[in-house]
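Below: the structure, in structure tokens.
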Amino acid sequence: MTVRRVVPNVQSQALQENREFYGLLGLEEVMNHGWIMTLASPSSPAAQISFMARDKTAPVPPDMSVEVDDVDAVYAVIRDSGAEIVHPLQDEEWGVRRFFVRDPSGHVINVLGHR
């Protein structure tokens, strides 16, 4: 299993204001679904931060997203560990397969892979 990127998810209703503010630091919008927006560094695209007003299909918004190369394999390992699955493994309409798990500190982690 390979981790491709780790992105903090900041809960915020001020998506556009954050886009403008973090633009001052050189980050540019690379994704915007209306309820989640991701900003990235043009020179280092894996350096990202997301701002979420809510999550479209899950019961809680995640604190962090971890993109992996094989989300099904990671899901099996996490499930077998007994960790709390907060949102089941499923394909989402925006092109990812994902699940949420709660870490030992209580943070909700969105584990995903692109389809």
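Just so you know, residue 1 is the first one in the sequence shown, and it goes up from there.
- Summarising the geometry of Ala53 relative to Leu15, their closest heavy-atom pair is N-CD2, 4.3 Å, with the distance given to 0.1 Å.
- A 4.5 Å side-chain heavy-atom check between His33 and Met31 finds at least one atom pair inside the cut-off.
- One hydrophobic cluster, built from ILVMFWY side chains closer than 4.5 Å, holds both Val74 and Ile85.
- For Ser81, the side chain to side chain contact (heavy atoms under 4.5 Å, CB included) test picks out Ala83, with sequence neighbours left out.
- Side-chain contact check for Val111 versus Val101: some heavy-atom pair is nearer than 4.5 Å.
- For Val71 against Arg98, the heavy-atom pair with the smallest separation is CG2-CA, 4.4 Å.
- In this structure, the side chains of Val3 and Val66 come closer than 4.5 Å at one or more pairs of heavy atoms.
- In this structure, the side chain of Gln11 engages the main chain of Pro62 through a donor-acceptor pair within 3.5 Å.
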side-chain contact (heavy atoms from CB on, under 4.5 Å) assessment of Leu112 paired with Arg4: CA-CA 10 Å; Leu112 68 123; Arg4 293 186 171 156; over 6 Å; no

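- Between Met1 and Val77 there is a side-chain heavy-atom pair separated by less than 4.5 Å.
- Screening residues 50-76 for ring pair (Phe, Tyr, Trp, His ring centres under 6.0 Å) gives Tyr22-Phe51, Tyr75-Phe99 as the qualifying pairs, with residues at least two apart or on separate chains.
- With respect to the salt-bridge test (charged N to carboxylate O, under 4.0 angstrom), the residues Arg115 and Glu92 do not qualify.
- Using a 4.5 Å heavy-atom threshold, the side chains of Arg19 and Leu39 count as touching.
- Residues Val86 and Glu84 form a side-chain contact, since some pair of their non-hydrogen atoms from C-beta on lies under 4.5 Å apart.
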side-chain contact (heavy atoms from CB on, under 4.5 Å) between Gln90 and Thr57, worked out: CA-CA 10 Å; Gln90 66 185 42; Thr57 64; 3.7 Å; yes

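- A donor and an acceptor atom, one from each side chain of Glu29 and Thr38, are nowhere located under 3.5 Å apart.
- In the hydrophobic clustering of ILVMFWY residues, with side-chain heavy atoms under 4.5 Å counting as a link, Val7 and Val30 come out apart.
- No hydrogens or angles considered: a donor-acceptor pair under 3.5 Å links the side chains of Arg5 and Gln48.
- Closest of all the heavy-atom pairs between Pro59 and His87 is CD-ND1, 3.8 Å.
- For the pair Asp70/Asp72, a side-chain contact is recorded, criterion being any heavy-atom separation below 4.5 Å from C-beta on.
- Rounding to the nearest 0.5 Å places NE2 of His107 at 7.5 Å from CE of Met64.
- Between Pro8 and Val6, the shortest heavy-atom contact is CD-O, 4.1 Å.
- Between the Asp69 side chain and the Thr2 main chain, a donor and an acceptor come within less than 3.5 Å of each other.
- Minimum interatomic distance between Asn18 and Ser12 (heavy atoms only, all atoms of both residues): ND2-OG, 3.0 Å.
- Listed here is the closest heavy atom pair of Ser41 and Leu27: N-CD2, 3.5 Å.
- Linking Ile, Leu, Val, Met, Phe, Trp and Tyr residues whenever their side-chain heavy atoms come within less than 4.5 Å places Ile78 and Leu89 in a single cluster.
- In this structure the side chain of Val60 never reaches within 4.5 angstrom of the side chain of Asp55, judged on heavy atoms.
- Taking CZ of Phe100 as the start and CG of Asp63 as the end, the distance is 10.0 Å to the nearest 0.5 Å.
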